[in-house]
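Letters A, B, ... are given to chains in the order of the sequence lines, protein chains preceding strands, and every chain is numbered from 1. What you see below is based on every heavy atom in this structure, not just the backbone, and it leaves out hydrogens, waters and symmetry mates. Treat the numbers as computed from the prediction; the structure is a model and nothing was measured.
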Amino acid sequence: MGNWVVNHWLSVLVLATWLGLNVFLFVHAFLLYEKADKYYYTREILGSALAWARASARCLNFNSMLILLPMCRNLLSFLRGTCSFCRCSLKKQLDHNLTFHKLVAYMICLHTAIHIIAHLFNFERYSSSRQATNGSLASVLSSLSQEEEGVSWLNPIKSPNMTVTYVTFTSIPGLTGVIITIALVLMVTSATEFIRRNYFEVFWYTHHVFIIYFIGLGIHGIGGIVRGQTEESIKENHPHRCAESFETWNDHNSHCKPPRFEGHPAESWKWILAPVVLYIFERILRFYRSQQQVVITKVVMHPSKVLELQMNKRGFSMEVGQYIFVNCPSISYLEWHPFTLTSGPEEDFFSIHIRAVGDWTENLLRTFEQQHSPVPRIQVDGPFGTASEDVFHYEVAMLVGAGIGVTPFASILKSIWYKFQHADHSLKTQTIYFYWICREIGAFAWFNDLLASLEQEMEDLGKVGFLNYRLFLTGWDSNIAGHAALNFDKATDILTGLKHKTFFGRPMWDNEFCTIATTHPKSVVGVFLCGPQALAKSLRKCCHQYSSLDPRKVQFFFNKENF
Amino acid sequence: MGQIEWAMWANEQALASGLILITGGIVATAGQFTQWYFGAYSIAAGVFICLLEYPRGKRKKGSTMERCGQKYMTKVVKLFGPFSRNYYVRAILHLGLSVPAGFLLATILGTACLAISSGIYLLAATRGEQWTPIESKPKERPQVGATIKQPPSNPPPRPPAEARKKLSEEEEVATGVSSGPQENPIPVTDEVV
C-alpha cells in the first residue's frame, strides 16, 4: 500500500484537482443561473433546465480547453527537459498524457449529454410557452417582441408556427451544436480500443474531425440565445417587485415597465484560444522536425523479420528508455509509428529494431530488403518519454524484461556498459542481474548477439561478475528440453550460444530474490520491469517480502517503469 | 488503407446511434414533448438496433475480441441468414429506421448518426464485406485412452524393461504365446518376521 502511494500520489493529486475544478465550475455556474435575479424571467419559462445547460456548458468549455494539451508531445518534452531539477515523479506524470486525454474526453461526452438534454427541455418549454394562450407570465414574456429596439425579446421562437427543429437548424447555436456533436460521436466511435488497435488509420484520419469540433465550438455561442435581463431593465422592473403584476406592465401608470433582455456574447473562444494556438504550433514544430534530414548509416536484417536501422540526425540527443516516432513517406505520408530506441546515448548513432507485425512494418521491411538505391527516406520525431535514469542510481540492479519489453533494456545495458568502461561516476551500479523472459527466442536473436558481445567484452576486461543474466524460455517443448539435457556438459548454451544456460519455464522469483538478498546483504537493490501487469504484481510482492525490516540491510525497491 | 474493414467502424457507429436514439427517445417521452410518440418509436428502434449490432462480426484476418456476452445474440442474429450477413440489407435497414426519428428534435441526432452508419455499411458492402459470426471453437477433448501409456503387465517385483523384453523373447521362442499362470522371473519368498 505504501509503495502504491509513493508511486501514484501525483496521479491521484492531478485527478483530484481536475475533478474538483469540474465540480466547482459546474456548481458555480449552476447556482448563478438558478439564483440570480437577472435570469428570473428566463427561469420562469425554462425552469432548472437553464442552469443545467449553462453549468454543463461551462464544464464543456473547461474540458475542451484541457483536451488538446496532453497531445502536444513536443511541448511535454520541453517541460520534461526544463524540469530537470524536478523530481522524477513529475516527469513520469507527463507520460500518462494519453490516459488523461481519454478521461477528459469521457467528461466531455458526459457534459455533452447533459447539455443537449437540458437544451431539449429548454426548446420544448420555449415552444409551449409561445403557443400558450392562458395569459400566464410565461406566455407574456414569450410575446415580448422585438419590434422596438430588437433586443427586448426573450423567447427565440418567434411565432407559434415555428417548430423547434426549424429554430435549431436556422440558428447558429443550433446548427453548430448539431454539427459538433456529430463530430464528437464520430471521434468517439472511431477511437474505441478495437478500432484503434486493428484499423489505426480509421482512427487517425477520423480523429482529425476535432478541427470541425473546435471551430464549431468557437462560434457556437454567437447569436445570444441565452438571455438575461439588462441592468437598466432591472431598475425599472425588478422581478421580486414586479413579477406578480405582470398583467399591468403595459399600463401607462404602472410602476413596472416591460422587461428588456440581452443575450450573452460567445465565450467559448476565450477558453479554447490558447490551447488551439499551442496545438497549431506543436503541429508546425512536428512538421519542421520531420523535415530535418535523417541519414541512415547502417541497415541490418536480423533473422525472424527484424530490421535494425542505425541513423544520424543533427541535434539529436537521447537518453536511455526513450522512443521516437518514425515516418516513411514512400509507404504512407501521414502515418507515424513509435519505436523504442535500442542504442545507448554514448554511441554516435541512434538505432531502432523494427519487427514485422502489421501492414506498415511489413511494407518497410520489404522496401529495405529490395535494396533500391537510394535508400528510402525516413523521418524521425522525438525522442519522447521519460529517461530511465534511476537504473544507474542503484548499487545492485535487477532488470526484468518480458517479451518485447526487452527492447528498452538494450539501450540501458549498452549505456551501463559504456559508463562502466569509462568509469563514469554517475554510475553507481556494481552488479546487474538481468532476467529475460520470452516465449521463443527467434525474434530477439539480435538481443542475443548483444548479450554475447557484452559477455565477451566483460571476459576481456576480467570483470565477469558485473553482468549476470538468465534467460527463461516459456515456450518450450519436450524436444527442446531433451536436446538441452543431452548437451548438459557443454560450456555454452546450445540455444543461445551464451555462457549462461537457458532455463525453461518461468522464473521462481522467491529463489531469485532469496539468492540476491543473501549475496548482497547490505545493498539497496532496484528492481525494474518492462513487461505485463501480472508480473509487476508478483515482483512487487517479492520486493515487499524480501526487503529487510532493518533499513541498513537489504532493501528492494520496485520501479514501475513505463517504457 | 487496404486492410480496413469499414463494417467494423460502421458497427461501432450504429451501436452508438442506437444508444443515442434510446436516450433521445426517453427524454422526449418522459418530458412529454409535442409529438412524443416519435420518441417512443425511437426507443423501440434504438433497442432493436443495439441488439442487432451488439454481436461483433469476425475480422477477416487475425483474432477478434468478442463483446462481453455476445454469443447469445450471435445465435439470434445468425438465424436471419442472408438478411444479417449482407451489409446492403443493413445499410438500407438503418436508413429506413432513421427516417421517422428525424421528425423530432430530441431524436434527430440519432437519425444523423444512424444515417452515417448506414453510409459506412454501404461502403463496406460495395467492398464485398460480410458479417460472419464469431463461433467458439469446440474444446478438443483429450483422448483419454492415448494419455495413459500401456500399464505394466507383470506384477511387482519387475526387472527393468530390457530384462523383461529378453525374457519374454526367450519364452516366446521356447513356448510360443505364453499363457497360463504368470512365471515370476525372480523367485518370491515370503519372509515371515
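Heavy atoms closer than 4.5 Å to chain A are found nowhere in B:S117, neither backbone nor side chain. For chain B, the nearby parts of A:L120 are the backbone and the side chain; heavy atoms of each come within less than 4.5 Å. Only the side chain of A:F123 comes within contact range of chain B, with at least one heavy atom under 4.5 Å from a heavy atom of that chain. Interface residue A:T206: only side-chain heavy atoms are found under 4.5 Å from chain B. In this structure, chain B has a heavy atom under 4.5 Å from the side chain of A:I116, while its backbone stays farther away. Using a 4.5 Å cut-off between heavy atoms, A:T192 contacts chain B through its side chain alone, with no backbone atom that close.
With rounding to the nearest 0.5 Å, the separation of CD1 in A:I195 from CG in B:N11 is 8.0 Å. Summarising the geometry, atom CD1 belonging to B:I116 is positioned 4.5 Å from atom CG belonging to A:L186; distances are rounded to the nearest 0.5 Å. Separation of atoms CD1 (B:I108) and OG1 (A:T181) is listed at 12.0 Å; rounding is to 0.5 Å. Within the model, atoms OG1 of A:T163 and CG of B:L105 stand 8.5 Å from one another, a figure rounded to the nearest 0.5 Å.
The shortest side-chain heavy-atom distance between A:F194 and B:R67 does not fall under the 4.5 Å cut-off. Residues B:F103 and A:T165 have side chains not in contact (no heavy-atom distance under 4.5 Å, counting atoms from C-beta outward). Annotation: side chain of A:T189 is not in contact with side chain of B:L15 (no heavy-atom distance under 4.5 Å).
Remark: A:R125 is not positioned above the aromatic ring of B:F33, lacking an NZ or CZ atom under 6.0 angstrom from the ring centre and at most 45 degrees off the axis.
For the pair B:C113 and A:V185, the tightest heavy-atom approach, listed with the atom from each and the gap, is SG-CG1, 3.7 Å. Closest non-hydrogen pair, B:I4 versus A:Y199, comes out as CA-CD2, 4.0 Å.
Residue-environment remark: NZ (B:K60) exceeds the threshold of 12 foreign heavy atoms within 6.0 Å. Around atom CH2 of A:W52, no more than 12 heavy atoms belonging to other residues, nucleotides or ligands sit under 6.0 Å away.
Ranked by heavy-atom pairs under 4.5 Å with chain A, the list B:M65, B:M8, B:R59 is led by B:R59.
Proximity of a side-chain donor or acceptor of A:E124 to a complementary backbone N or O of B:T34 within less than 3.5 Å is detected.
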